[in-house]
Protein chains: 2
Amino acid sequence: MDKTLEQSYGQLSILEDCTITRQILDRVGDKWSVLIIVNLGVKSLRFKELQRRSGGISQRMLTQTLRHLERDGLVWRKATPTVPLTVEYGLTALGESLLHPLQALVEWVNGNRAAIAEARTGYDSKHEPVGTE
Amino acid sequence: MDKTLEQSYGQLSILEDCTITRQILDRVGDKWSVLIIVNLGVKSLRFKELQRRSGGISQRMLTQTLRHLERDGLVWRKATPTVPLTVEYGLTALGESLLHPLQALVEWVNGNRAAIAEARTGYDSKHEPVGTE
DNA sequence: CAGAATCCGGTCTGATACTG
DNA sequence: CAGTATCAGACCGGATTCTG
């Protein structure tokens with residue numbers, strides 16, 4: 001159907017040729033990365049401020065997520081050895097370029113939110129007999 | 001930086017307003033969904049054929065992934081009660097429309113694969129002292 | 001063929017406590 | 001402030017076994 005996607009993604013290739021693709025997709029899919037990227041896309045932030053803006057993320061998860069993003073070159077980290085210690089995070093050029101495909105995806109979700117919710121309701125009414133689940 | 005994204009995604013909203021966004025992102029991020037969608041995007045397939053094309057997926061995971069995608073209205077399922085039983089899967093219109101943002105993301109990854117690999121190497125050389133990890 | 005059910009080890013995550 | 005370390009529980013995903 002979509003030849004380009006097929007070519008760029010490959011057939012059985014996620015686990016073979018496309019290990020990195022899978023890894024990046026994992027990053028996109030993990031619980032916090034996208035939220036962090038979007039927040040940093042708005043503007044650079046310090047650790048605590050970033051945590052506040054990111055809803056209920058624990059500082060453990062925030063640290064971990066930031067390390068991953070930093071390692072992939074999507075986020076930079078600037079530590080200033082002031083007295084209580086100041087660290088600022090922001091998007092690299094690479095990270096900012098990721099905003100666009102991410103935006104396309106998020107917009108797709110928002111545009112089809114109703115359709116998905118409806119599909120789920122329909123599916124659930126036909127399945128899931130009566131029970132608690 | 002990217003106002004549109006910020007608006008559509010919200011600030012702290014992933015866990016509050018945007019539960020569905022998070023759920024769809026989870027779907028994109030999970031190990032097999034994208035591969036399945038891409039494979040079905042090429043053409044409709046039967047269970048076994050789909051499994052063959054999807055590398056090393058177990059039938060447990062294939063079933064589970066398909067159920068999720070079906071519930072979200074992205075995939076249809078057509079069972080024909082023949083003798084050994086025939087089931088065919090394919091993308092719905094909704095599922096096909098998802099191919100585009102997905103493609104944008106995959107293309108971004110492919111286009112930036114080298115940059116990411118390089119960033120990782122650089123990061124790892126500075127960190128990870130010497131050890132086994 | 002197309003699954004459902006069960007077992008089970010590994011990973012992810014959050015809470016908590018401690019450090020420069 | 002900005003983390004690191006540790007621990008326990010939830011969850012994920014694979015292998016195996018069984019059914020219509």
Side-chain angles (χ1 to χ4, degrees), chain A residues 12 14-15 19 22-23 25-36 39-40 44-71 75-90 123 126-129 131 133, chain B residues 14-15 22-23 25-36 39-40 44-71 75-90 123 126-129 131 133:
Chain A
L12 335 167
I14 272 185
L15 298 170
T19 322
R22 184 91 288 287
Q23 288 172 351
L25 252 29
D26 284 342
R27 197 100 309 137
V28 172
D30 77 36
K31 204 171 176 182
W32 303 105
S33 294
V34 174
L35 181 55
I36 301 304
N39 273 325
L40 291 181
S44 305
L45 292 169
R46 294 177 55 186
F47 188 90
K48 203 69 178 183
E49 177 63 12
L50 184 52
Q51 184 175 20
R52 259 191 297 276
R53 298 197 182 213
S54 303
I57 191 171
S58 65
Q59 88 349 353
R60 182 185 188 279
M61 279 302 104
L62 181 53
T63 303
Q64 195 175 103
T65 306
L66 285 169
R67 291 294 171 275
H68 287 152
L69 296 174
E70 193 190 348
R71 184 171 111 97
V75 159
W76 51 257
R77 184 193 124 112
K78 189 173 63 183
T80 313
T82 51
V83 183
L85 182 55
T86 307
V87 182
E88 192 162 5
Y89 292 95
Y123 183 92
K126 291 178 191 168
H127 307 66
E128 274 186 18
E133 195 201 9
Chain B
I14 272 188
L15 299 170
R22 183 92 291 287
Q23 289 171 352
L25 252 31
D26 284 341
R27 197 100 309 135
V28 172
D30 77 38
K31 203 171 176 182
W32 302 105
S33 293
V34 174
L35 181 56
I36 301 304
N39 274 324
L40 290 182
S44 307
L45 291 168
R46 295 177 56 186
F47 188 90
K48 204 68 178 183
E49 177 64 13
L50 183 52
Q51 184 174 21
R52 258 191 299 276
R53 296 197 183 209
S54 303
I57 192 173
S58 66
Q59 92 356 341
R60 182 187 191 277
M61 280 304 104
L62 181 53
T63 303
Q64 195 174 103
T65 305
L66 285 169
R67 289 296 170 276
H68 286 153
L69 296 174
E70 193 191 348
R71 186 171 112 96
V75 158
W76 51 257
R77 182 194 124 110
K78 190 173 62 183
T80 313
T82 51
V83 184
L85 181 57
T86 307
V87 181
E88 193 162 1
Y89 292 94
Y123 183 93
K126 290 177 191 170
H127 306 68
E128 274 186 16
E133 195 199 8

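As a basis for the values below, the full set of heavy atoms in this structure was taken, side chains included, without hydrogen atoms, waters or symmetry mates. Lettering of chains follows the sequences in order, A, B, ..., and the numbering in each one begins at 1.
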Minimum heavy-atom distance [X]-[Y], with the two atoms named:
X	Y	answer
A/Ser44	A/Gly90	OG-CA, 3.8 Å
A/Glu88	A/Trp76	O-CZ3, 3.4 Å
B/Leu40	B/Leu45	CD2-N, 4.0 Å
A/Ala79	A/Pro81	O-CD, 3.8 Å

Give the rounded distance in Å between these two atoms: [atom1] of [X] and [atom2] of [N].
X	N	atom1	atom2	answer
A/Leu62	D/dG3	CG	P	8 Å
A/Leu45	D/dG3	CG	C1'	17 Å
B/Gln59	D/dT16	CD	P	12 Å

Subject >> Members of residues 77-88 of chain A that approach DNA chain D, where some heavy atom sits under 4.0 Å away >> reply: A/Arg77, A/Pro84, A/Leu85, A/Val87

**OP:** Could I get the full list of salt bridge (Lys or Arg N to Asp or Glu O under 4.0 Å) partners for A/Arg27, not counting sequence neighbours?
**Re:** A/Asp30, A/Asp72

Original post:
Taking only residues two or more places apart in sequence, or in another chain, which ones meet A/Glu49 in a salt bridge (Lys or Arg N to Asp or Glu O under 4.0 Å)?
Top reply: A/Arg52, A/Arg53

Original post:
Can you give one letter per nucleotide of nucleotides 8-14 of chain D, going 5' to 3': B for a protein heavy atom under 4.0 Å from the base, S for sugar-phosphate only, - for none?
Top reply: -----BB

Original post:
Of all residues at least two apart in sequence or in a different chain, which pass the side-chain hydrogen bond (donor to acceptor under 3.5 Å, both in side chains) check with B/Thr86?
Top reply: B/Thr82

Subject >> Bending between helix ends of the helix from C/dC1-D/dG20 to C/dG20-D/dC1 [5 pairs per end, 10° resolution] >> reply: 40°

Original post:
What is the 5' to 3' range of DNA chain C, first to last nucleotide, that sits under 4.0 Å from any heavy atom of chain A?
Top reply: C/dT13 to C/dG20

Original post:
So does A/Tyr89 get a side-chain nitrogen or oxygen closer than 4.0 Å to the phosphate oxygens (OP1/OP2) of D/dG3?
Top reply: yes

Subject >> Nearest-0.5 Å distance, CD of residue A/Glu70 to NE2 of residue B/His127 >> reply: 5.0 Å

Return all side-chain donor-acceptor pairs below 3.5 angstrom for residues 55-69 of chain A, not counting sequence neighbours, or 'none' if the list is empty.
residue : atom : partner : partner atom : Å
A/Ser58 : OG   : A/Met61 : N            : 3.3
A/Thr63 : OG1  : A/Gln59 : O            : 2.8
A/Thr65 : OG1  : A/Met61 : O            : 2.7
A/Arg67 : NH1  : A/Tyr89 : OH           : 3.3

